[in-house]
Each structure stands twice: as C-alpha cells, then as structure tokens.
Number of protein chains: 2
Amino acid sequence: MKKIECLSPFVRLKGKTYPCTVSLTMDLVGGKWKAVILYHLKDGSKRYSELHREMPSVTEMTLSLQLKQLEKDGLVKRKVYGKKPPIRVEYSLTELGESFVPILEAITEWGNQVVVNYGSFVES
Amino acid sequence: MKKIECLSPFVRLKGKTYPCTVSLTMDLVGGKWKAVILYHLKDGSKRYSELHREMPSVTEMTLSLQLKQLEKDGLVKRKVYGKKPPIRVEYSLTELGESFVPILEAITEWGNQVVVNYGSFVES
DNA sequence: CGGTATCCCCGGGGATACTG
DNA sequence: CAGTATCCCCGGGGATACCG
C-alpha cells in the first residue's frame, strides 16, 4: 500500500510556482468550466459549435477563453480545417488531457452520488 | 464496462443549480485552496494552527473562510475544545469528505506526474 | 489560540455586439 | 462558423491590524 503524497514544496510549471501538486492540478483544471469542457471532450473530438450546444450555460466568450487556456496548458489540442469561412475547428484531448479522464470520471461519479444523497435532479 | 456520465441537466444542491455534476463537484472542492485543505486533512484531524503551518502560503483570513465553506458544504467538521482562550479547534473530514479522498489522491498523483514530465521541483 | 474586521485589488467570467 | 471586441461586475482572495 503506497502512500500518496504531494511532492511538495515547491513545484514549478511554465513559470508558475505552487506550494504542492494538488494546488498545481487545481490551477490547470479548476475554475468554473475547464473540467466541464474536458468532460465533454472525453469521448472524442468536437467542434466549437458542438461544445457550445452541449454547454449552453457558458458564453461563447468564456468557452473560447477557457479552450485557449486548456490548449496553452497542453490539455487540449485545436485543429483547423479550411481557410475561408465557414471554417471548421475540432477540439480534442491531448495525451495529457487523456490522462486526466479517469479523474474526470471519478469526479463525475462523486458528484452524481452527492446529488443522489443530498440534492435533486431538475426536470428538463 | 459501465459508461460514466453526468446525470445532467440540471442538478440542484443547497439552493444552487448546476448544468451537470462535474460543475457541481468543482464548485464544492474547486477554487484555489479547498482541495489543498482537504488534502491536509486526509490523514486525520488537525488543528487550525497546524493547518496554517503546513500551508503557509494561505493567509489566515482565507484559510478560515475556506474552512467555513467546506464545513457549510458538509465536507469538513469542526470541533471546539475549551471555552476560554487558549481554546483548541480540530478540523476533520466528514463522511462526505472522506469519500472524496480517493479523488484527492488521484489528483495528487496526476499533478506529481505533470511536474515530473513537464515541470520542476524547487529546492527548499 | 483561533480567529475577525476592514479594506482593497485583480481577474474570472458574463452580456452584448460585431467580424474574417 | 468560430470566434473577437468591448465593457462591466462580482467575489475570491490577499494584507494588515485587531480581538475574546
């Protein structure tokens, strides 16, 4: 039984310093939308408009911004097809992004359990 | 092989509505410090000052605030010993908090790997 | 010892309109 | 189609000082 612990203090990544790796992870995938975006990409690449349709609660502005950050941090890759509008852009997970999928699923299930036990579902 | 998916739109918890359970989870344990605090509580209860000593990067103000939110959301419990200063306060995980520990460890290890592959460790 | 009170700042995120 | 530009607001989080 291996002990899981933060290889701590401190760690650096892309010019930023964190007090531990939990903190680093939360910076990469935290925030209001990043994990949700990764969740929607976990089953394959999707176009910008598809993502937006599946997450109508996010504004286009914010969606675009978060995708850029995920791309910069190496979790998501962006592929452009065509040069004149209408162009087509596909987003998908990188290898690093893929490696986060198991955690994403654990997060999903945990959230599901929380709702089952303490919350409620809303009818569409 | 079970498919893991958000029991989505929409879910409610304590008066808030979320577009999916990933979003809900990130609201409960996201932010800059909550997951880090849970990490430090995973091996047993700790006093306020102990927590602060282990996370000197967090201000007392913020630590106290985040602990309150975690308590309100049912992830952490607070026990007070004594009534006259110096009093003693112990924080520990609730059952719900405990159920999040496996994810916390996954997050820790993922972060460790990211640093090993793309980042660097800082000498103390 | 275990916090609060107060003040402040930054930036994540939203709304709306527009564009190559 | 896939975004930007612009403007704005709120609140998470920090700094400093103080308190029961």
Side-chain angles (χ1 to χ4, degrees), chain A residues 15-20 22-24 26-38 40-41 45-73 76-92, chain B residues 15-20 22-24 26-38 40-41 45-73 76-92:
Chain A
K16 285 180 171 178
T17 306
Y18 303 90
C20 67
V22 170
S23 160
L24 178 146
M26 295 314 289
D27 191 36
L28 291 189
V29 306
K32 197 163 171 184
W33 296 116
K34 283 189 195 164
V36 181
I37 294 173
L38 295 176
H40 283 281
L41 289 176
S45 75
K46 290 209 175 117
R47 304 179 58 169
Y48 180 80
S49 49
E50 266 178 291
L51 281 173
H52 188 42
R53 207 175 318 121
E54 295 181 3
M55 301 187 273
S57 324
V58 203
T59 63
E60 295 195 336
M61 173 82 229
T62 300
L63 177 56
S64 162
L65 212 69
Q66 301 304 314
L67 280 166
K68 250 181 223 162
Q69 294 190 26
L70 287 168
E71 192 188 357
K72 174 173 70 65
D73 287 332
V76 158
K77 54 177 180 276
R78 180 176 182 272
K79 258 192 123 174
V80 185
Y81 300 92
K83 45 216 62 164
K84 286 288 175 190
I87 57 176
R88 178 174 149 201
V89 180
E90 301 247 349
Y91 290 94
S92 56
Chain B
K16 285 182 170 177
T17 307
Y18 305 90
C20 66
V22 170
S23 161
L24 178 146
M26 295 314 290
D27 191 37
L28 292 189
V29 305
K32 197 164 173 184
W33 296 115
K34 283 188 196 166
V36 181
I37 294 173
L38 294 177
H40 283 281
L41 289 177
S45 75
K46 292 209 172 116
R47 303 179 60 167
Y48 179 82
S49 49
E50 264 178 293
L51 281 173
H52 187 44
R53 207 174 318 121
E54 294 180 5
M55 303 186 273
S57 322
V58 204
T59 63
E60 295 196 336
M61 172 82 229
T62 299
L63 177 57
S64 161
L65 213 67
Q66 302 303 315
L67 280 168
K68 251 183 224 164
Q69 295 188 27
L70 288 169
E71 192 188 356
K72 174 173 70 65
D73 288 332
V76 158
K77 54 178 181 277
R78 179 176 184 272
K79 258 192 124 177
V80 184
Y81 300 90
K83 47 215 60 166
K84 286 288 173 190
I87 58 176
R88 176 175 151 200
V89 179
E90 301 248 346
Y91 290 95
S92 56

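Any value given below was found using the heavy atoms of this structure, including those in side chains, with hydrogens, waters and symmetry copies removed.
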Verdict with supporting geometry, B:Glu60 and B:Ser64, side-chain contact (heavy atoms from CB on, under 4.5 Å):
CA-CA 6 Å; B:Glu60 295 196 336; B:Ser64 161; over 6 Å; no

Atom-pair distance ([atom1] on [X]; [atom2] on [N]), nearest Å:
X: A:Leu51; N: D:dG3; atom1: CG; atom2: C1'; answer: 13 Å
X: A:Ile37; N: D:dA2; atom1: CD1; atom2: C1'; answer: 15 Å
X: B:Tyr48; N: C:dC1; atom1: OH; atom2: C1'; answer: 10 Å
X: A:Lys79; N: D:dG3; atom1: NZ; atom2: P; answer: 15 Å
X: A:Glu90; N: D:dG3; atom1: CD; atom2: P; answer: 11 Å
X: A:His52; N: D:dT4; atom1: NE2; atom2: P; answer: 14 Å

Please test A:Val76 against A:Leu38 for side-chain contact (heavy atoms from CB on, under 4.5 Å), starting from the C-alpha separation and ending with a verdict.
CA-CA 8 Å; A:Val76 158; A:Leu38 295 176; 3.9 Å; yes

Crowded around A:Lys72 NZ? As in, over 12 foreign heavy atoms under 6.0 Å?
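Yes, enclosed.
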
Decide yes or no for [X] and [Y]: does some side-chain heavy atom of the first lie under 4.5 Å from some side-chain heavy atom of the second?
X: A:Tyr91; Y: A:Leu70; answer: no
X: A:Leu51; Y: A:Leu41; answer: yes
X: A:Ile37; Y: A:Met55; answer: yes
X: A:Leu63; Y: A:Tyr48; answer: yes

When you check every protein heavy atom under 4.0 Å of nucleotides 7-20 of chain D, what one-letter string (B, S, -) results, 5' to 3'?
------SBB----B

Roughly how far, to the nearest 0.5 Å, is CZ of B:Arg88 from NZ of B:Lys79?
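Rounded to the nearest 0.5 Å, the NZ-CZ separation comes out at 10.0 Å.
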
Reported OH-to-CG distance for the pair B:Tyr18 and B:Asp27, which is rounded to 0.5 angstrom:
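It is 3.5 Å, given to the nearest 0.5 Å.
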
Has [X] got a side-chain N or O lying under 4.0 Å from the OP1 or OP2 atom of [N]?
X: B:Ser64; N: C:dG2; result: no
X: B:Lys68; N: C:dG2; result: no
X: B:Arg47; N: C:dG3; result: no

Find the bend of the helix from C:dC1-D:dG20 to C:dG20-D:dC1 as the angle between its two terminal axes (five pairs each), to the nearest 10°.
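Axis-to-axis angle, ends of the helix: 60°.
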
Contact class for A:Lys83 vs. all strands (heavy atom < 4.0 Å): base, sugar-phosphate, or nothing?
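Here A:Lys83 touches no strand at all.
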
Where the side chain of A:Tyr91 is defined as all heavy atoms beyond and including C-beta, which of C:dG2, D:dG3, C:dG3 is the nearest nucleotide?
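Selected nucleotide: D:dG3.
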
